[in-house]
Every structure is written in structure tokens, then in C-alpha cells.
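Just below is one structure, and these are the notes that go with it.
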Amino acid sequence: MTQPIITEEMTVFDVLQLIPNASEIFRLYGVSPSAQCGPLLRSIRLKDAPVRCSLQDLDELIEELNAVLQDGIASV
């Protein structure tokens, strides 16, 4: 079975669906997805989020999201 990995090609919505507490993690990087990405949540890819949603440090965010995802999978 292949484990999902967060990439910059995924949409913000995909990440929010995949990781239950992703909104809190996004906030650590300076963005509230629902407020700052708004109605485009389903179409904004992570790689576009720094400009479109005022996201800070995309690479670190993706790294942290993947760590949370792996921890969640490991605890199941």
C-alpha cells in the first residue's frame, strides 16, 4: 500500500481533507486557509499558496504536513 505524500501540486483543500488538524498547521505558517484562500480553496495548489494566500515558508509547511501525516499513519 502506498502512503500519501503531501506535494506542492496538491490543492489546499486536498491537504485539509487528508490531515484533520491541517488548518492549525497552516496557521503556524501565517495563513488561515478558509479566510485567506477563501472560495478558491479547492483550486489553489500548495505551490501557488505563498502568493495567493500569503503563506510563509512553503517547504517547511510541506515537511511538517508530511511528518504529521506519517505520524498519523504510524499510529493506526
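Reckoned from all heavy atoms, side chains included, excluding hydrogens, waters and symmetry mates.
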Which pairs, with at least one residue in residues 53-64 and sequence neighbours excluded, count as a salt bridge (Lys or Arg N to Asp or Glu O under 4.0 Å)?
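For residues 53-64: none.
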How about R27: does its CZ atom have over 12 heavy atoms from other parts shown lying under 6.0 Å from it?
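More than 12 heavy atoms, drawn from other residues, nucleotides or ligands, come within 6.0 Å of this atom.
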Where at least one partner belongs to residues 19-53, residue pairs that pass disulfide (SG to SG under 2.5 Å), sequence neighbours excluded:
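Matches after skipping sequence neighbours: C37-C53.
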State the CD-OG distance between Q36 and S54, to the nearest 0.5 angstrom.
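Spacing of CD (Q36) from OG (S54) equals 5.5 Å.
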Set of residues satisfying side chain to side chain contact (heavy atoms under 4.5 Å, CB included) with respect to L40, sequence neighbours excluded:
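Per chain and number, L40 pairs via side chain to side chain contact (heavy atoms under 4.5 Å, CB included) with S43, I44, R52.
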Please find the pair of heavy atoms, one from P50 and one from L58, that lie closest to each other, and give the distance.
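Looks like CG-CB, 4.0 Å.
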Donor-acceptor pairs are to be reported for all side-chain atoms of residues 5-23 against protein atoms at under 3.5 Å, with residues two or more places apart or in another chain.
unit_1: T7; atom_1: OG1; unit_2: E9; atom_2: N; d: 3.3
unit_1: E9; atom_1: OE1; unit_2: R45; atom_2: NH1; d: 2.9
unit_1: E9; atom_1: OE2; unit_2: K47; atom_2: NZ; d: 3.0
unit_1: T11; atom_1: OG1; unit_2: D14; atom_2: N; d: 3.0
unit_1: T11; atom_1: OG1; unit_2: D14; atom_2: OD1; d: 3.3
unit_1: T11; atom_1: OG1; unit_2: D14; atom_2: OD2; d: 3.1
unit_1: D14; atom_1: OD2; unit_2: T11; atom_2: N; d: 3.3

